[in-house]
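One-based numbering, in listed order, for ligands and for the atoms of each.
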Amino acid sequence: MTNKPVFSAQLEAQLRAGAPAIFIHSAEEARVDQLLIALQERLGLKRIHEWNLGHGWVDFTNKQPLSNPDSGTTELEHALLQLLDADLEQTLILIKGARLALENNRLAIARLKQLLNRIERGHAIGCSVILVSESVCIPASIESQVTLLPLPLPDREDIQALLAQADASGQLTLPGDLVDLAVSGLSGLTASEIGRLLRIVSLQTPVLTEQGLKTMLHEKEQIIAKSGVLALVRVDEAPDDIGGLEKLKHWLAQRAAIVSQLDKATRQGVKAPKGVLIAGMPGCGKSLTARVAASLFQLPLLRLDIGSLLGKYVGESEHNMRRALNMAEMVSPCILWVDELEKAFVGMGGGNASEVTARLLGYFLTWMQEKTGAVFVIATANDISALPPELLRKGRFDEIFYVGFPNAVEREHILKIHLRKARQPVDGLDLPELVQQCRDYCGADIENAVNEALANAFIAGSPLTQTHLAEAIQSTIPLRETLREQVGKYEELFEKLKLRPASEYQGLSVAQMIRMAADPNQVKREEVASNPDCPDDQLEKLAGDSQRSVVKAVYENPRCPERLLTMRINIAQNSPLYDVELLALACLNDNAPEDLLVRQVKDGQVARELRAKLAGRVKGPMLLQLLASDPEVEVRRGLASNPALPEVMQLQLLKDKDTSVVAALILNPSLASGAERQLLEHGDSSIKQAFAKRPELTEAEQQLLLKNADAALKIMLSLHPKLAHGVQLLLAKDPLQSVRLNLAGNPGLSKATQVVLAGDTYGAVKVALAKNPGLCLDDADQLSLKKYVLENRHLAGGFGVGVGGSLAGVFSWSGKTS
Ligand code: ATP
């Protein structure tokens, strides 16, 4: 059944039941006229008196004024007086522009009430007042006597009739294949809007074309926007514009697949998807998801702003809701995005707020339950606590998803998305570091930080760098910080309600961490305290935990907030809160403020062991400099091993009177080339030997070491696991047998070196080579080496090479070739 017969049947039923007044909510006066004419006939009414704002009483059939407009009697309050003596039996009194006529017009309202009383008391049988207006205004004093009936928009059948009319009158010819599209394009509009739109299109082209349809859509956007309750949103987002929210994206893609073949799906018993409620934190991508859904479903997206529905007149909010939902049904198939759903249920001033809320909710729920049109609802909400429980019950929406703050993996995706949108390469960036820096951030915060970094880079006239991004992240105050209390409340609630998470959690979500931080199980609290993704506020809470292991984990956390560390480092030695172990952890944390550490060291507040540990890991130049002149060798030795030590300070430490400091420097993996050259060229044998122990040695360094090397150094070198090929050959020909013997056992030898050693005149070298696990000689060479070893078994013991047991290994290893 279409809306149209339902409406006229409702109207007829009201009139037959003797309703004193009916408020028809519609801007379509011509349609109302037609309906009333039909009713007049069916009900056998004697007459229709029409009043309008412009002329007062007019002839209903030809709209000619019945009284002189200058007589001063056209206003409603005067016009109503004229009915006092009139015969009103079987009469409809039609008042058009009712809202403007009644609004703030106490006299008109009072006289209308008298008239309604008269009808109610049976003084005018079969008489009803029909109020018509494009917006609802039912004064409280007559509310109980007035029935509100909204006139639905034209349905597909009506639109088809209007198009046929335009076609028949020669206004716009419609090719058969475009009729369906034209009907869809015009649905959701009033008859007069459709008429106007057809006139606009016909001015462009007398025959409807694709271009004409585009014009239609464009005009429709304007009309929908003008309605004030809905907006047609243009989208160009794709699923990979959303970072994370994998589960939600997957779920939506599945519903889109059903909607795209709805007929087939329903034939197989699949229920048409109704919609989804996406609840969650501000700025985390709820609206973005609604937009992406429109791309996935390939359907128009209508945005319903709940705030704009709320009206000040009785029935206005419900009417607006009805109008919006009606319009969505007419535009269907479409996606109706109900943004900030909770707004319908909170913050409504006025005494009748709860009544209106209940009615709005009731209407919305019934509509959700009964809607037959292909309208897929995406409702988004931040404050789910404001939503009535009926809405959250299973079955209203197909699913309720919770969108939380992004985890580390998601933050990286979001960063990449916004860098990609800005056409910025990510190659040279340390993304994991940036991801850590914005651990409390929502998607919108990350987007803001990227924009800020881009602007700063532009102003500086340089390409975007890690520093721009890091600084922008640092200067962004995340929403989670600004809305701390609110967010905390939501997080707790979402956890309690056990809503389905939109994210595929890799690691812990913020909500999970908050729950774990309050868990009675200390292992859980410890786990969250050591999680680098743990929010600052939770870490601050855990720093006061009763379990020491939890507190220690907080200070060891690489993301422990500077504020906490500062407080801990500042605790004086005579304070009962002073704790050497926690102080050490705080000082050693990379986030500890350098200036504070410098002051503490200068003031003698940091013990030797802690200074030595600090020296091995600090990065700040002031602290490094201060520790370089520390009187304690242990501290300077720690500094020498610090990978962040700049070259100037390495050179400075090279001159240290304590050789252990220099030895530590040699083993520093970040030893600069200048310092290295100094060591290799001017260092004594012990320094060079220490150098030869470095796991990474370039060929040039090995060659330098070999120059003028004594036996001990050569042996040291011959054992190096990464001995360069050229150096191997030199050592293989070294006159010292002990050097060649040690070299023969080195598993990293090249084949060429092995060939040289296999021909060594010294038997023990051959034996050692045969034992070498990296032996890779050709079969024939291996065979003769084996033979030699077998024949000269006595050599193994004689040269102190443990051949006995290992010979068996050699044989079994080379057995395959024998
Ligand atoms: P609110 O509740 O405040 O309306 P919301 O959850 O609807 O917030 P959006 O409006 O979708 O958040 O997000 C704001 C902007 O932040 C988006 O336009 C997008 O650019 C960015 N953003 C948020 N979340 C993500 C995400 N997961 N991936 C990519 N961008 C995101």
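Each of Asp533, Leu431, Leu434 was evaluated against Arg411; a single residue qualifies, Asp533, per the side-chain contact (heavy atoms from CB on, under 4.5 Å) test.
Protein residues having at least one heavy atom under 4.0 Å from any atom of ligand 1 are Asp241, Ile242, Gly243, Met281, Pro282, Gly283, Cys284, Gly285, Lys286, Ser287, Leu288, Asn382, Ile414, His418, Gly443, Ala444, Glu447, listed by chain and number.
A search for salt bridge (charged side-chain N to carboxylate O under 4.0 Å, His left out) contacts involving Glu340 returns Lys343, not counting sequence neighbours. Under the ring pair (Phe, Tyr, Trp, His ring centres under 6.0 Å) criterion, Tyr441 pairs with no residue, sequence neighbours left out. Every residue two or more places apart in sequence or in another chain that forms a salt bridge (charged side-chain N to carboxylate O under 4.0 Å, His left out) with Glu246 is listed here: Lys249.
Looking at heavy atoms from C-beta onward, Leu542 lies out of side-chain contact with Val551 at the 4.5 angstrom threshold. Between Ile414 and His418 the shortest side-chain heavy-atom distance falls below 4.5 Å.
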